[in-house]
Novice: 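The structure follows.
Only this structure's heavy atoms are used, side chains among them; waters, hydrogens and symmetry mates stay out. A, B, ... follow the sequence lines: proteins, then strands. Residue 1 opens every chain.
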Protein chains: 2
Amino acid sequence: MSDTDVAAWATLLRVHAALVPVLDRELQAACALPLTWYDVLLELNYAPDCRLSMGELGQKAVVSRTRVSRVVDALAAAGLVTRESNPDDRRSAYATLTDAGRERFRAAAPIYLDGIRRHFTDRMTAGESRTIAGALAKVLAAVPPGGAVPPGGAVPPAVTG
Amino acid sequence: MSDTDVAAWATLLRVHAALVPVLDRELQAACALPLTWYDVLLELNYAPDCRLSMGELGQKAVVSRTRVSRVVDALAAAGLVTRESNPDDRRSAYATLTDAGRERFRAAAPIYLDGIRRHFTDRMTAGESRTIAGALAKVLAAVPPGGAVPPGGAVPPAVTG
DNA sequence: TTTGAATGCGTGCGCACGCACATTTCTACT
DNA sequence: AGTAGAAATGTGCGTGCGCACGCATTCAAA
């Protein structure tokens, strides 16, 4: 039973490993835009006022929270976003999409979406696609926050060292 | 239509980003075994004579072909595999599972499988799991080899120059 | 046999990524 | 007000990873 149980997860790992480089290269070749940048621009474009704090970005985009800081630095250096400080909470820092950033994103989106369609969506039925989205959303909702497992053992307590 | 089309892929990316660190940590906490090591041990254990060449390992396991070399070095230093040369083709190098490696893998397997079950499989129905495995297998079979897209355009190769 | 291309592999190098820690600012409680 | 703790962010550092390249070997053709 283990074999069939693990099949879905194992295949997911392989698809990710095989497809991400392909989509990343296509996007870079067409728009000179790394996938990480695209993801950040996407979330900013979707957010109200095209503005998000670093923490929100780290939570919404597929980027580590600590990494967001440097990615935003790079994006700001490229003129695609601006750093702003929040007058109501001077700890937090906002990243806001610039016009150039929005235009760059809108140019890149069709490329990326087309890649997803050609390599991923077109290979399955609409029903399969919906099933995947639904099932994986349930998985995502139940995954523990952070890469946690700080207490002793993963499965057995195993208190003593 | 784009939104729902991309949903499956986007969720896959998030699940991967969220779950891989969790499973990796659980495995490391319980067995001091990185996921990459586990994957290599798994393929070796499944292979005939517990032996595979570097190229085969790179193709079967979720590890870059060039990275295999260093991973095998580390595994050999840990006594879990041995490096052997192929007398029939002196270019190739074999990695063979040792008894210690096999034992280590067999100890780790239940931990990893249980993690997959708790965080992934148990969150969906058996039908959903089968659908995911089947659909993603189709995607995998159609993905272009290598991270390719060397020629100019991203979409059509267009044979003639 | 000789020669050129192809295959399999290992390594130097640079990049991306996340962790642990320090810093600044906010919040709650006395 | 004053203080301890929490929250949000930025940074030094080590690590994993893949690419470009070079070396050894094998195959194919002349």
Novice: Rounded to whole angstrom units, what separation is found between the CG atom of B:Leu33 and the P atom of D:dG16?
Specialist: 13 Å
Novice: Salt bridge or not between B:Arg117 and B:Glu26? Use side-chain N to carboxylate O under 4.0 Å.
Specialist: no
Novice: Rounded to the nearest Å, what distance is computed from the OH atom of residue B:Tyr38 to the C1' atom of nucleotide D:dG16?
Specialist: 21 Å
Novice: Would you please classify the geometry between the A:His16 ring and the B:His16 ring as parallel, tilted or perpendicular, with 30° and 60° separating the classes?
Specialist: parallel
Novice: I need the OH-P distance between B:Tyr94 and C:dG8, as an integer number of Å.
Specialist: 11 Å
Novice: Output yes when at least one side-chain N/O atom of A:Thr36 is less than 4.0 Å from OP1 or OP2 of C:dC17, else no.
Specialist: yes
Novice: Distance check needed: C:dG10 C1' versus B:Arg70 CZ, whole Å only.
Specialist: 8 Å
Novice: Where the side chain of B:Ser92 is defined as all heavy atoms beyond and including C-beta, which of C:dG18, D:dC19, C:dC9 is the nearest nucleotide?
Specialist: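 Of all the options, the side chain of B:Ser92 is nearest to C:dC9.
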Novice: Considering non-hydrogen atoms only, spot the tightest contact between B:Ala133 and A:Thr11 and give its length.
Specialist: O-CG2, 4.1 Å
Novice: Is the side chain of A:Ser129 donor-acceptor paired with the backbone N or O of A:Thr121 at a distance under 3.5 Å, no angle test?
Specialist: no
Novice: In whole Å, what is the span from the CD atom of B:Gln59 to the C1' atom of C:dG8?
Specialist: 13 Å
Novice: Between atom CZ in A:Arg91 and atom C1' in D:dA8, what is the gap in whole Å?
Specialist: 6 Å
Novice: Nearest-Å distance, CZ (A:Arg90) to P (D:dG10)?
Specialist: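 Going from A:Arg90 (CZ) to D:dG10 (P), I get 15 Å.
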Novice: Taking atom P of D:dG10 as reference, at what distance in whole Å does atom CE of A:Met54 sit?
Specialist: 5 Å
